[in-house]
Amino acid sequence: MRRALLLSLTLVACGRRGTSGAPAPAASSAPAASVTPFDPKPALVGADLRREPLVPVAMSVSTDVRARRAATRALAQIGDATVVERLGKALSDEDPEVVAWAGYGLGVPCDADPDLPRDVRTKLVAALSARALSLEGQKLDGATLDPFVGIAFGLGRCGGIEASRALMRWLETGSVARAEAAAFALGAIAQHDRGLEDDVASALVGAARGGKRPALDAALFAFGRGDWSGRPPTPGLAEVARLRIAAGPSPLRPLAIRALGRAAGAKVEDLRGLVSDAATPTVDVIEGLRALHRLGESGDAAIAAFATRAAPIDPASTAALLKPHFGPLRVALELLSDRAADKNPTVQSSLRAFLPAGLPPIPAGTAAPLARRLATVRCLAASALHAGHPGDPEVVRCAAHDASLPAPLRAELDRLRDRARLATLDRGEITGDKRDLLAKLANDGPPSQRELALELFAHHPETEEAPDVLERALGAKALGVVAAAAQAIADRPGLAGKPTPKKDVEDGPKEPKEPKDAKSKDAGVDASPEPPPPSKADPRVLVALDGALSRPFEEADAEVALSLAGAVGALRHAPGRGFLTRLCGDRSPALRRAARNASMALDGQKAAPTCAAVGATTTASPLLDGKLEKHTVELVTEVGTLTLALDPKFAPVAATRIAELAGGGFYDGTVVHRVVPGFVVQLGDPGGDGYGGAHSALRCETAPVPFAKGGIGIALAGRDTGSSQFFVMLGRAPHLEGSYAWIGEASGPWELVAEGDVVLTARVK
């Protein structure tokens with residue numbers, strides 16, 4: 001069946017060239033006059049329910065190009081093996097937007113299923129490459145999406161040498177947009193394959209240098225993705241990166257900065273001026289700091305100088321923490337923390353600048369945003385200077401505060417202190433009294449603190465087993481704590497009880513390692529060895545695990561279910577089979593895959609069980625029954641008003657859902673739980689720890705569109721697990737494109753936002 005399907009795909013993709021040499025001109029793709037109004041709903045319903053038969057074949061072959069576009073988009077968003085044949089036919093369509101959706105959709109199975117067989121990937125790459133060749137020289141007007149962008153996504157996700165060769169040719173031919181799409185796709189291949197072939201890498205450097213064609217900043221993207229340490233240095237990379245940095249600020253200049261940090265021959269002088277210049281955009285400063293850190297001790301000295309200049313030593317420099325500069329400062333302190341154990345005098349002196357003598361408490365009347373930022377930088381410095389000493393007075397007092405501050409703010413500052421104590425524990429051996437402190441922090445306190453403590457148990461083998469801690473955490477009310485405990489078991493099964501002697505077994509079953517050759521990804525499951533027997537788990541942990549497995553979960557609790565499945569597999573806990581069976585039929589492919597992997601470990605099987613959605617709902621989202629309109633949401637926060645311009649163009653259900661939640665007060669009082677300076681701001685969890693959502697899950701309405709600065713996307717724990725959490729981009733992130741639903745553009749002072757800031761109210765205009 002698979003062979004016949006792939007043969008059909010290849011013939012369809014190539015066959016249109018057989019008689020005329022090229023598909024019909026794109027001009028014929030103008031919307032045809034239609035007797036009946038165009039109705040996209042059948043396609044939207046099919047995509048939402050993930051059921052290919054619900055997308056009418058009549059739409060795919062309609063003379064109305066709007067119908068073909070809607071059908072192909074729906075098939076692409078379904079994104080599994082059931083749609084490959086129809087997408088293969090759509091790939092030969094004369095409309096460029098239909099081709100874009102088809103090319104993108106054919107890459108989704110490669111992206112979503114690491115076990116997709118190599119022969120399938122090879123056939124998909126051949127079909128995509130052939131269609132790209134047939135489009136050369138054609139006019140591609142009248143489409144929202146560029147077909148080469150969609151095809152590039154498919155090639156990048158399916159990967160392999162042939163895809164790399166096809167994309168390399170695009171760097172030298174066609175439009176700048178086509179070359180940029182190829183460069184981003186090669187970045188995806190570099191991530192999967194730990195680098196690129198020498199001639200492909202050289203071609204990227206040449207494209208970035210320019211000459212007959214404009215210099216292509218996107219060509220440096222691949223050098224910041226994946227682990228290139230096993231490859232020889234790419235000649236000319238440092239030189240070209242310097243040239244692109246010197247060309248001045250642009251949305252893609254951070255790619256050049258990142259590449260320079262990894263290039264042979266990079267120097268501190270290349271970056272010191274960039275990070276110290278007040279006119280440098282924030283995201284460029286952050287990338288510059290990270291690049292300096294890769295250059296070793298001399299780079300860290302430049303970071304230390306940067307941090308020292310911004311230390312809050314007086315009212316003016318303290319107030320400056322409320323400016324965009326706080327993000328780069330936080331990054332600088334985190335980078336210096338990595339080197340604190342080396343006792344470098346320059347680094348230690350810089351960190352010391354953030355800890356005034358006696359560490360006076362944060363004074364009465366300090367506004368919450370300033371208090372949390374001041375405590376954050378103090379605690380980062382204290383935890384780095386006193387690694388392995390959580391009881392040091394400077395660690396204990398790093399978030400000290402006046403007793404008259406509001407109670408919620410005092411509690412938040414105490415949490416920052418305890419996070420600092422955990423950070424100091426993480427930088428040393430955790431035994432004796434330190435192990436007791438870690439257990440205390442894991443057993444009591446707010447969920448976010450307990451979750452971090454449980455992560456440390458998983459990452460520090462010297463803590464030995466911790467059945468008492470796991471028992472309590474698995475029974476916690478907060479689902480995030482349950483998830484963290486389950487993930488700790490999945491990562492280190494020996495925590496659940498006395499490990500089986502090492503001569504008999506290693507510490508729990510391991511996931512099969514991904515083959516180095518991306519063409520051999522189908523080797524993943526079947527080639528894996530039989531999992532070893534489990535550790536001898538404490539009965540208390542097993543009882544607590546059973547209790548956690550029996551709790552009612554909503555679709556939005558996907559991350560909890562994923563972690564619990566991992567724990568069942570790691571302990572080979574047979575009573576968890578019923579839980580895995582339920583997950584095996586879940587609508588989310590991420591949950592089905594977790595169930596399959598855990599079932600393999602449970603049964604010691606070499607062949608994976610079949611997991612397919614069963615009992616799925618037959619009712620599509622009710623949001624599709626209404627008018628899908630643009631909405632503007634204003635988030636009134638402690639640091640200003642932030643705006644979300646929500647657009648249902650590519651993700652109608654997700655965009656409308658976020659607007660509906662905002663209008664209903666769901667986001668009022670929520671905390672920004674994740675900020676990665678220069679990358680993203682993430683919020684939307686009512687619990688504030690990143691594990692919560694709004695009951696039901698959203699299907700992934702992904703599209704091959706850019707995630708530029710200000711882009712809004714739906715946060716995920718795996719495919720089809722989105723809910724109420726969303727992120728806002730602080731810079732361009734090509735690696736997210738096509739893998740997350742784009743729902744609009746954000747504006748306002750997003751670079752001022754820090755973790756812990758509160759959304760006071762959300763209103764829909």
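Remember, it's a predicted structure, so these values are computed and weren't measured experimentally.
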Worksheet item: Between CZ of F326 and CG of L374, what distance do you get to the nearest 0.5 Å?
Response: 9.5 Å
Practice prompt. Flag the pair T656 / L628 as yes when at least one side-chain heavy-atom distance between them is below 4.5 Å, and no otherwise.
Written response: yes
Item to complete: Give the C-alpha distance, both sets of side-chain angles, the deciding distance and a yes or no for side chain to side chain donor-acceptor pair (under 3.5 Å) between S588 and D586.
Response: CA-CA 5 Å; S588 165; D586 196 89; 4.6 Å; no
Worksheet item: Can you pull the side chain to side chain donor-acceptor pair (under 3.5 Å) pairs that have at least one residue in residues 639-653, sequence neighbours excluded?
Response: none
Discussion item. As an exercise, state the distance from OG1 of T670 to CD of Q725, rounded to the nearest 0.5 Å.
Written reply: 10.0 Å
Discussion item. Less than 4.0 angstrom from a charged side-chain N to a carboxylate O is my criterion; do R66 and D64 meet it?
Written reply: yes
Discussion item. My understanding is that only residues two or more places apart in sequence, or in another chain, count here; which of them pass salt bridge (Lys or Arg N to Asp or Glu O under 4.0 Å) with R592?
Written reply: none
Item to complete: Would you confirm whether Y104, through its side chain, and G738, through its main-chain N or O, come within 3.5 Å as a donor-acceptor pair?
Response: yes
Response to the item:
Closest non-hydrogen contact found for A218 with A183 is O-CB, 3.4 Å
Worksheet item: By salt bridge (Lys or Arg N to Asp or Glu O under 4.0 Å), which residues pair with R419, not counting sequence neighbours?
Response: none
Worksheet item: With side chains defined as the heavy atoms from C-beta onward, is the minimum distance between V681 and F727 less than 4.5 Å?
Response: no
Worksheet item: Rounded to the nearest 0.5 Å, what separation is found between the CD1 atom of I189 and the CD atom of Q191?
Response: 12.0 Å
Worksheet item: Do V84 and L124 have side-chain heavy atoms sitting under 4.5 Å apart?
Response: yes
Worksheet item: So do T144 and F650 actually touch side chain to side chain, heavy atoms under 4.5 Å?
Response: yes
Exercise answer: donor-acceptor pairs, residues 706-723 side-chain atoms, under 3.5 Å, sequence neighbours excluded:
residue : atom : partner : partner atom : Å
K709    : NZ   : E751    : OE2          : 3.4
R719    : NH2  : Q77     : O            : 2.6
R719    : NH2  : I78     : O            : 3.1
D720    : OD1  : R50     : NH2          : 2.7
D720    : OD1  : C700    : N            : 2.8
D720    : OD2  : R50     : NE           : 3.1
T721    : OG1  : A717    : N            : 2.8
T721    : OG1  : G718    : N            : 3.0
T721    : OG1  : G718    : O            : 2.5
S723    : OG   : A694    : N            : 2.7
S723    : OG   : S696    : O            : 3.3

Item to complete: Taking ring pair (Phe, Tyr, Trp, His ring centres under 6.0 Å) as the test, write out the residues that go with F184, two or more places apart.
Response: F221
Worksheet item: What residues form a ring pair (Phe, Tyr, Trp, His ring centres under 6.0 Å) with F679, not counting sequence neighbours?
Response: H735
Report all side-chain donor-acceptor pairs from residues 478-485 shorter than 3.5 Å, counting only partners two or more places apart or in another chain.
none

Discussion item. Among residues at least two apart in sequence or on other chains, which ones pass salt bridge (Lys or Arg N to Asp or Glu O under 4.0 Å) with E737?
Written reply: R732
Item to complete: Compare all side-chain heavy atoms of V633 with those of I658 and state whether any distance is below 4.5 angstrom.
Response: no
Worksheet item: Stepwise, does the side-chain contact (heavy atoms from CB on, under 4.5 Å) test hold for D689 with H673?
Response: CA-CA 6 Å; D689 64 354; H673 66 270; over 6 Å; no
Worksheet item: Should L562 and L591 be marked as a side-chain contact (heavy atoms from CB on, under 4.5 Å) after you check the CA-CA gap, both sets of side-chain angles, and the distance that decides it?
Response: CA-CA 6 Å; L562 288 167; L591 293 179; 3.4 Å; yes
Worksheet item: Taking only residues two or more places apart in sequence, or in another chain, which ones meet K477 in a salt bridge (Lys or Arg N to Asp or Glu O under 4.0 Å)?
Response: none
Worksheet item: Any salt bridge (Lys or Arg N to Asp or Glu O under 4.0 Å) pairs touching residues 754-765, not counting sequence neighbours?
Response: R330-E755, R372-D757, R373-D757, E634-R763, E634-K765
Practice prompt. State whether the side chain of S724 and the backbone N or O of G684 hold a donor-acceptor pair below 3.5 Å, judged by distance alone.
Written response: yes
Worksheet item: Is the backbone of V98 close enough, under 3.5 Å, to the side chain of D95 for a donor and an acceptor to pair up by distance?
Response: yes
Worksheet entry | Beyond-backbone contact of L635 with W750, side-chain heavy atoms, under 4.5 angstrom | yes
Worksheet item: Is there a side-chain contact (heavy atoms from CB on, under 4.5 Å) between L380 and E334 once you walk through the steps?
Response: CA-CA 7 Å; L380 281 170; E334 290 170 344; 4.1 Å; yes
Item to complete: Give every residue pair that meets the salt bridge (Lys or Arg N to Asp or Glu O under 4.0 Å) criterion with at least one member in residues 659-685, sequence neighbours excluded.
Response: none
Worksheet entry | Pairs satisfying salt bridge (Lys or Arg N to Asp or Glu O under 4.0 Å), at least one member in residues 690-699, at least two apart | E555-R699
Worksheet item: Side chains of L416 and L413: closer than 4.5 Å at any heavy-atom pair?
Response: yes
Fill in: Side chain to side chain, V55 and R86, heavy atoms closer than 4.5 Å
yes
